[in-house]
Amino acid sequence: MTTSPVAVTESLAVHVDQLWDAVVTVDEHAAVRRVFDAVDAGVPPEDVLLDIIAPVQHRVGEHWAANRMTVAQEHAATAINDRVIAALAHHWPPAARAERGRITVACVDGEWHALPARLLAEVLRLRGWQVDFLGAQVPAPHLIAHLHQTGPQAVALSSSIATRLPTAHAAITACQAAGVPVLVGGAAFGPDGRYARLLGADAWAPDARTAADFLSRGMPDTRAPALGHQPVDDLPHLSDQEYSLVARTAPQLVKETLAQLEERFPALRDYSDRQRQHTAEDLAHITDFLATALYTDDDDLFTGFLTWTGSILTTRGVPAHSLHPALDALAAQLKDFPRARRIIGHARRALDTGSGSGPGSDTGPGPGSDIGSGPGSDIGSGSSA
């Protein structure tokens with residue numbers, strides 16, 4: 001007698017709720033027991049990883065975004081989930097030997113969100129791969145050195161934050177130059193993988209299960225870039241230097257924007273050092289996403305981030321239109337940058353209309369950032385509360 005799909009779904013939902021209760025009460029031992037119970041009850045280890053642990057982690061992010069969980073609570077929950085994954089790997093070792101080949105799994109340099117990559121690494125081990133999991137923020141030179149030493153069939157690169165896309169581009173090109181094909185995944189590459197294609201990755205997968213299925217069928221041979229290959233060879237719009245100039249002068253843009261906001265809203269001058277620091281960090285996030293939108297030449301990336309930021313601010317009692325003065329200050333400084341002004345204008349109109357969900361809407365800084373998380377997050381509102 002087989003179990004109906006509905007019964008399986010309901011059973012998984014029970015396990016998700018039980019793990020969630022353990023995670024939010026910061027009870028690591030109870031969390032480990034819950035996933036062991038699920039395996040012992042017959043839930044396949046891969047399903048425990050992707051249909052129990054992953055949904056709990058997603059719920060953690062949702063609660064942070066809704067201001068129902070602090071940054072510290074989110075970090076604690078993520079740490080417990082990470083340790084639960086490690087415990088599960090030892091509780092139920094892979095049934096098959098590593099016969100499929102070797103895969104390197106890593107996060108691009110600057111990417112601290114390692115849990116999605118960790119889930120993929122464990123799924124691949126369960127499916128019989130030898131996996132080198134390199135963890136968070138792996139600098140490209142170290143990644144390439146590892147590839148030369150180990151000779152994997154493929155590299156799986158993960159990134160959750162869109163501002164890592166220029167770094168991801170460099171890593172993709174470097175891996176391909178070493179003769180190793182690259183599969184990418186994570187929210188940074190867009191829900192439809194558009195940025196994976198834009199940056200020349202050999203393959204993209206929307207989730208760990210799809211990635212593992214794709215790798216089992218075999219990666220296509222990669223084509224090494226030409227000697228002296230530069231990003232502008234893939235992205236001709238970079239020839240206008242707008243991305244390079246904005247990225248290079250980002251600290252000055254933030255400083256001048258903050259000064260203009262103080263001129264417009266004198267109450268900002270009374271901010272404490274901590275409030276000023278939060279405001280500067282928020283402005284830096286905005287500038288970084290503008291630079292990335294210039295790199296990809298995609299208005300929706302910046303607009304999606306701004307509308308996401310507006311929703312985060314709203315849940316914290318700060319109106320989304322408080323972002324307008326900061327955008328105006330940036331646009332004034334970039335008056336000779338037509339693409340930057342176009343991108344800013346697109347985002348501003350989306351904030352006015354309440355629209356703008358796009359590929360950048362799920363690629364914001366996420367839990368752990370200071371966007372809207374405390375005093376100083378009311379960018380340009382003139383409030384000193």
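Quantities reported herein were computed from a predicted structural model and do not represent experimental measurements. Below, all heavy atoms of this structure are taken into account, side chains as well, without hydrogens, waters or symmetry copies.
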Asker: Heavy-atom distance under 4.5 Å between the side chains of Val48 and Ile53, does that happen here?
Answerer: yes

Asker: Do Arg348 and Asp352 meet the salt-bridge criterion of a basic N to acidic O distance under 4.0 Å?
Answerer: yes

Asker: Can you name the nearest heavy-atom pair linking Gly200 to Gln176, along with the distance?
Answerer: O-NE2, 2.8 Å

Asker: Do Pro325 and Gln260 have side chains that get closer than 4.5 Å, going by heavy atoms?
Answerer: no

Asker: Identify the two heavy atoms, one from Ala250 and one from Thr287, that lie closest to each other, and give their separation to 0.1 Å.
Answerer: CB-CG2, 3.8 Å

Asker: Between Glu74 (side chain) and Val60 (backbone), is there a donor-acceptor pair under 3.5 Å?
Answerer: no

Asker: Is there a side-chain contact between Ile52 and Arg34, using heavy atoms and a 4.5 Å cut-off?
Answerer: no

Asker: For Thr307 versus Ala350, what's the shortest heavy-atom pair and its separation?
Answerer: CG2-CB, 4.2 Å

Asker: Kindly indicate, with the supporting measurements, whether the criterion side chain to side chain donor-acceptor pair (under 3.5 Å) is fulfilled by Glu111 and Ser158.
Answerer: CA-CA 8 Å; Glu111 179 57 70; Ser158 175; over 6 Å; no

Asker: Closest approach of Val254 and Ala280, non-hydrogen atoms and distance?
Answerer: CG1-O, 3.7 Å

Asker: If we only count heavy atoms from C-beta on, is the Phe189 to Arg197 side-chain gap below 4.5 Å?
Answerer: no

Asker: Got Asp298 and Leu198 here, is their nearest side-chain heavy-atom distance under 4.5 Å?
Answerer: no

Asker: Over 60° means perpendicular and under 30° means parallel, so tell me whether His91 and Phe36 are parallel, tilted or perpendicular.
Answerer: parallel

Asker: Looking at Asp273, I'd like to know if its CG atom is crowded, meaning that more than 12 non-hydrogen atoms belonging to other residues, nucleotides or ligands lie closer than 6.0 Å.
Answerer: no

Asker: Are Arg125 and Glu122 ion-paired here, with the side-chain N under 4.0 Å from a carboxylate O?
Answerer: yes

Asker: Report, as yes or no, whether the 6.0 Å neighbourhood of atom NE2 on His142 holds more than 12 heavy atoms from other residues, nucleotides or ligands.
Answerer: no

Asker: Are more than 12 heavy atoms from other residues, nucleotides or ligands located less than 6.0 Å from atom CZ of Arg223?
Answerer: no

